[in-house]
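Positions are given from 1 along the sequence. Atom set for the values below is all heavy atoms of this structure, side chains included, hydrogens, waters and symmetry mates excluded.
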Amino acid sequence: MLVHEGETRSPAADRALALSLAGVAGALNTAGFYAVGLYASNMTGNVSAISDRTGTGDLILAAQACLLVVLFVLGATTSTLMIRRRRRKAGPGAYAYSVCAEALLLVAVGLLVLPLAEPVRSHTLVLGLSFILGLQNAAVTKISEARVRTTHVTGMITDIGIELARWLDRDASASDRLKPHDPVRLRLYLLTVGAFLGGGLVGVVAYRLVGVALLFAAAAILACLALPALRR
């Protein structure tokens, strides 16, 4: 799942990637939203919040949304640099190092926020999660050549609509030179959205029950996913 990249990946590897990492991302995203009312991975919403809050004069919330965007970008940048440098030494298995880094950062953020009091704890939590999910999104996008995106689902839902249109137009003449319906990709998109939704439901319930311990559980899942690739 974390070794092969691009066109060498099988549909099963993409589905495994989507199911696992989209579920984790959905859980972390909803935990951050439940904690403080801000999304750690929805950059469309955060950019809109910058415009809205600036226009209404609420500069503090505008600055918070802006910081989330900056941290997400920094996470994606860090992940890409890590992968590029590791690939020079370790080949495609370098993607597993990015997932391991995500697991370690989740533990670090969890330990950092545990002694903090509210509302500082919640705000620090969502800022850390934004960086971590940027890290994840870059790694997943690069290894799958953007077929899988796990930290947001706007693109996936759009792709579902496109594939449904191709399915409805499946009787078009072959001479039209139009791309045909791809049921494998449609299943992948549906699985990604479903995993993100399911992970979100689990995340908000788990955060209400165990709080920051959710981060440690997510870190353990990510470590288990990365270890087979690291051993290879």
Asker: Using the side-chain hydrogen bond (donor to acceptor under 3.5 Å, both in side chains) rule, pick out the option among Thr141, Asp159, Thr192, Asp14 that qualifies with Arg147.
Answerer: Asp14
Asker: Provide the closest heavy-atom pair for Ala35 versus Tyr207 in the form atom of the first, atom of the second, distance.
Answerer: CB-OH, 3.7 Å
Asker: Is Arg149 close to Ser144 at the side-chain level, that is, under 4.5 Å between some pair of heavy atoms?
Answerer: no
Asker: Determine, using the 4.5 Å side-chain heavy-atom cutoff (strictly less than), whether Tyr189 and Leu191 are members of one ILVMFWY cluster.
Answerer: no
Asker: Backbone N or O of Gly75 within a donor-acceptor pair of the Ser79 side chain at under 3.5 Å?
Answerer: no
Asker: Using every non-hydrogen atom in the two residues, find where Thr54 and Ile50 come nearest and quote the distance to one decimal.
Answerer: OG1-O, 2.6 Å
Asker: How long is the span from the NE2 atom in His123 to the CG atom in Leu67, to the nearest 0.5 Å?
Answerer: 11.5 Å
Asker: Identify the heavy atoms of His152 and Phe196 that sit nearest to each other, and give their distance.
Answerer: N-CE1, 4.2 Å
Asker: Check the hydrophobic clustering (I, L, V, M, F, W, Y; side-chain heavy atoms under 4.5 Å; chains of links allowed) and say if Val202 and Leu19 are grouped together.
Answerer: no
Asker: Quick one: CD on Glu118 to OG1 on Thr124, what's the gap to the nearest 0.5 Å?
Answerer: 9.5 Å
Asker: From Ser41 OG over to Leu68 CG, what is the distance, rounded to the nearest 0.5 angstrom?
Answerer: 10.0 Å
Asker: Same cluster for Leu133 and Val69 if Ile/Leu/Val/Met/Phe/Trp/Tyr side chains link at under 4.5 Å?
Answerer: yes
Asker: For side-chain contact (heavy atoms from CB on, under 4.5 Å), just list the numbers for Leu81 and Thr77, CA-CA rounded to whole Å, side-chain angles, deciding distance to a tenth of an Å, and then say yes or no.
Answerer: CA-CA 6 Å; Leu81 286 172; Thr77 302; 4.1 Å; yes
Asker: Do Val126 and Phe33 sit in the same hydrophobic cluster, where Ile, Leu, Val, Met, Phe, Trp and Tyr count as joined when their side-chain heavy atoms come under 4.5 Å apart?
Answerer: no
Asker: Compare all side-chain heavy atoms of Phe131 with those of Leu105 and state whether any distance is below 4.5 angstrom.
Answerer: yes
Asker: Any idea which heavy atoms bring Met82 and Ser98 closest together, and the distance?
Answerer: SD-CA, 3.8 Å
Asker: How long is the span from the CZ atom in Arg85 to the CD1 atom in Ile83, to the nearest 0.5 Å?
Answerer: 12.5 Å
Asker: For the atom pair CZ (Arg15) and CZ (Arg9), what is the distance rounded to the nearest 0.5 Å?
Answerer: 11.5 Å
Asker: Could you walk me through whether Leu112 and Leu125 satisfy the side-chain contact (heavy atoms from CB on, under 4.5 Å) test, starting with their C-alpha distance in whole Å, then the side-chain angles of each, then the deciding distance to 0.1 Å, before giving a yes or no?
Answerer: CA-CA 9 Å; Leu112 174 65; Leu125 172 68; over 6 Å; no
Asker: Mark yes when over 12 heavy atoms from residues, nucleotides or ligands other than Ile60 sit less than 6.0 Å from its CD1; otherwise mark no.
Answerer: no
Asker: Nearest heavy-atom pair of Leu214 and Ala31: which atoms, and what distance?
Answerer: CD2-CB, 3.6 Å
Asker: When you measure from the side chain of Asn46 to the backbone of Asn42, do you find a donor-acceptor pair of N or O atoms at a distance under 3.5 Å?
Answerer: yes
Asker: Would you say the side chain of Val205 lies within less than 4.5 Å of the side chain of Leu201, judging by non-hydrogen atoms?
Answerer: no
Asker: What is the distance from atom CZ of Arg86 to atom OH of Tyr97, rounded to the nearest 0.5 Å?
Answerer: 4.0 Å
Asker: Kindly indicate whether the side chain of Thr151, heavy atoms from C-beta on, has any atom under 4.5 Å from the side chain of Asn29.
Answerer: no
Asker: Might you point out which heavy atoms bring Ala25 and Gln136 nearest each other, and give the distance in Å?
Answerer: CB-OE1, 3.6 Å
Asker: Quick one: does Leu17's side chain get under 4.5 Å of Tyr95's, heavy atoms only?
Answerer: no
Asker: Is there a path of hydrophobic side-chain contacts, each under 4.5 Å between heavy atoms of I, L, V, M, F, W or Y residues, that connects Val24 with Phe216?
Answerer: yes
Asker: Check step by step if side-chain contact (heavy atoms from CB on, under 4.5 Å) holds for Arg166 and Leu186.
Answerer: CA-CA 10 Å; Arg166 288 171 178 161; Leu186 180 58; over 6 Å; no
Asker: Look only at the side chain of Arg121 and the backbone of Val113, and say whether a donor-acceptor pair between them is shorter than 3.5 Å.
Answerer: yes
Asker: With a 4.5 Å heavy-atom cut-off, do Gln64 and Val36 have their side chains touching?
Answerer: no
Asker: More than 12 heavy atoms of other residues, nucleotides or ligands under 6.0 Å from OH of Tyr39: is that the case?
Answerer: no
Asker: Less than 4.5 Å apart, any side-chain heavy atom of Lys142 and any of Thr80?
Answerer: yes
Asker: Please step through side-chain contact (heavy atoms from CB on, under 4.5 Å) for the pair Leu215 and Val107, ending with a clear verdict.
Answerer: CA-CA 7 Å; Leu215 274 64; Val107 173; over 6 Å; no
Asker: Can you find a pair of side-chain heavy atoms, one from Leu222 and one from Leu21, that are under 4.5 Å apart?
Answerer: yes
Asker: Between Thr30 (side chain) and Ala27 (backbone), is there a donor-acceptor pair under 3.5 Å?
Answerer: yes
